[in-house]
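The block underneath contains the structure these notes are about, expressed in structure tokens.
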Amino acid sequence: MDFWKIDRVLLQFLEEDIGHGDITTEGVFRGERARAVMVAKEGGICAGLPFSVRVFELLGGVKVLKSMAEGERFKRGDVILELEGPADVLLKGERVALNLLQRLSGIATLTGEFVKRLEGTKTKLLDTRKTTPGLRFFEKYAVRVGGGTNHRFALYDMVLIKDNHKRVAGSLSEAVKRVRERLGPAYKVEVEVESLQELEEALACEVDIVMLDNFGLEEVRQALKLIKGRVKVEVSGNITLENVRDYALEGVDYISTGAITHSARWVDVSMNIIEVL
């Protein structure tokens, strides 16, 4: 992890919430120290604790008394984190720390549900770039905590030729040709295909990975017969908890879904001051 970069982002989050000052807390605070707990109001998978703790560390003077492990499952009523420190610091950091913990635990929890349905298959669950602007690092981190695998992080670390690239170049083959002319063999080439005809074109180009976009189960079966193990196969589009195992049982290498980041529901967690010292 790039801890310097994480700190810069967390400080931006705090600046957004505190601004020129927490006028309520500053009006109430008279130097008290306190103990506080973060308590789960429903079950889930814990993700984001290091960032939540770091929020309070950046504000200063807080120590951790008790903490769950990252990736640990919790149930309603469980204490996820117990802290002690200046009461004003606990109150100023509360919302940012909770927002991160709730959001990332929600992603890890939904990811874990998808991964559980893939047990016993060779298929890996991938995320996408459908993330909240500014939160991609954190959200993709939560996918890993939930047992998923990160697809490319951004546009700069992997070649993925999609429908609009093909339209710009005029065809799938031309898009692949142009990429290879510019980049050479430095990057593997993945191509999104929307039909069996496009799949045959991609195979003729000897790409490394094909993404079967919005293929039904029968189309996937036909595609795998054409591919015959020559390239890695990713399935994407309209993947749900109800059908993800059906696709995996066909023998594909990867299943990608944006739902685990863009549609994950926050896990409900609250923070309570339990003792003023």
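Heads up: numbering here begins at 1 and tracks the sequence.
A side-chain donor-acceptor contact under 3.5 Å links E201 to the backbone of S173. Side chain of R54 to backbone of D7: no donor-acceptor contact under 3.5 angstrom is found. Side chain of R245 to backbone of R117: a donor-acceptor contact under 3.5 angstrom is found. At distances below 3.5 Å, not a single donor-acceptor pair connects side-chain atoms of E174 with backbone N or O atoms of S171. Counting only distance, with no hydrogens or angles, the side chain of D208 and the backbone of E190 share no donor-acceptor pair below 3.5 Å. Distance alone, capped at 3.5 Å, is enough to place a donor-acceptor pair between the E192 side chain and the D163 backbone. Counting only distance, with no hydrogens or angles, the side chain of R178 and the backbone of A175 share no donor-acceptor pair below 3.5 Å. Looking only at distances, no side-chain donor or acceptor of E84 sits under 3.5 Å from a matching main-chain atom of A36.
Residues I18 and V28 do not share a hydrophobic cluster, clusters being chains of Ile/Leu/Val/Met/Phe/Trp/Tyr side chains in contact below 4.5 Å. L226 and V220 fall within a single hydrophobic cluster, where Ile, Leu, Val, Met, Phe, Trp and Tyr are joined by side-chain heavy atoms under 4.5 Å apart, directly or via other members. By the rule that hydrophobic residues join a cluster once side-chain heavy atoms approach within less than 4.5 Å of another member, V64 and I6 end up as members of one cluster. Clustering ILVMFWY residues whenever any of their side-chain heavy atoms sit less than 4.5 angstrom apart, transitively, puts V62 in the very cluster that holds V276.
Using a 4.0 Å cut-off between charged nitrogen and carboxylate oxygen, K124 and E234 do not count as a salt-bridge pair. For the pair K122 and D253, the salt-bridge criterion is met [side-chain N within less than 4.0 Å of a carboxylate O]. Ion pair K116/E119 not flagged as a salt bridge, since none of the NZ, NE, NH1 or NH2 atoms sits closer than 4.0 Å to an Asp/Glu carboxylate oxygen. Looking at E198 and K166, a side-chain N of the basic residue comes within less than 4.0 Å of a carboxylate O on the acidic one, giving a salt bridge.
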Next item on the list: Walk me through it: do K66 and E82 pass the test salt bridge (Lys or Arg N to Asp or Glu O under 4.0 Å)?
Entry: CA-CA 5 Å; K66 177 182 177 182; E82 183 174 348; 5.6 Å; no
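Checking each of T131, T261, T149, D127 against K140 for a side chain to side chain donor-acceptor pair (under 3.5 Å) leaves exactly one that passes, namely D127.
Within a 6.0 Å sphere centred on OH of Y187, heavy atoms belonging to other residues, nucleotides or ligands number 12 at most. Heavy atoms of other residues, nucleotides or ligands lying less than 6.0 angstrom from CD of Q197 number 12 at most. Heavy atoms from other residues, nucleotides or ligands lying under 6.0 Å from CZ of R76 number 12 at most. Residue-environment remark: CD (E206) stays at or below the threshold of 12 foreign heavy atoms within 6.0 Å. Summarising the local packing, CG of L277 is surrounded by more than 12 heavy atoms from other residues, nucleotides or ligands at distances under 6.0 Å.
Classification of the Y141-F51 ring pair by plane angle, with boundaries at 30° and 60°, yields perpendicular.
Taking all atoms of both residues into account, the shortest heavy-atom contact from E194 to F215 is C-CE1, 3.6 Å. Residues C205 and V176 come closest through the heavy atom pair CB-CG1, 4.1 Å. Contact detail for A34 and I273: the closest heavy-atom pair is CB-CG2, 4.0 Å.
Within the structure, the side chain to side chain donor-acceptor pair (under 3.5 Å) test picks out the following pairs touching residues 102-113 (sequence neighbours left out): R103-E139. Identified under the side chain to side chain donor-acceptor pair (under 3.5 Å) test for residues 11-23, with sequence neighbours left out: D22-T25.
Contact annotation: the side chain of L110 approaches that of L241 to within less than 4.5 Å [non-hydrogen atoms, C-beta and beyond].
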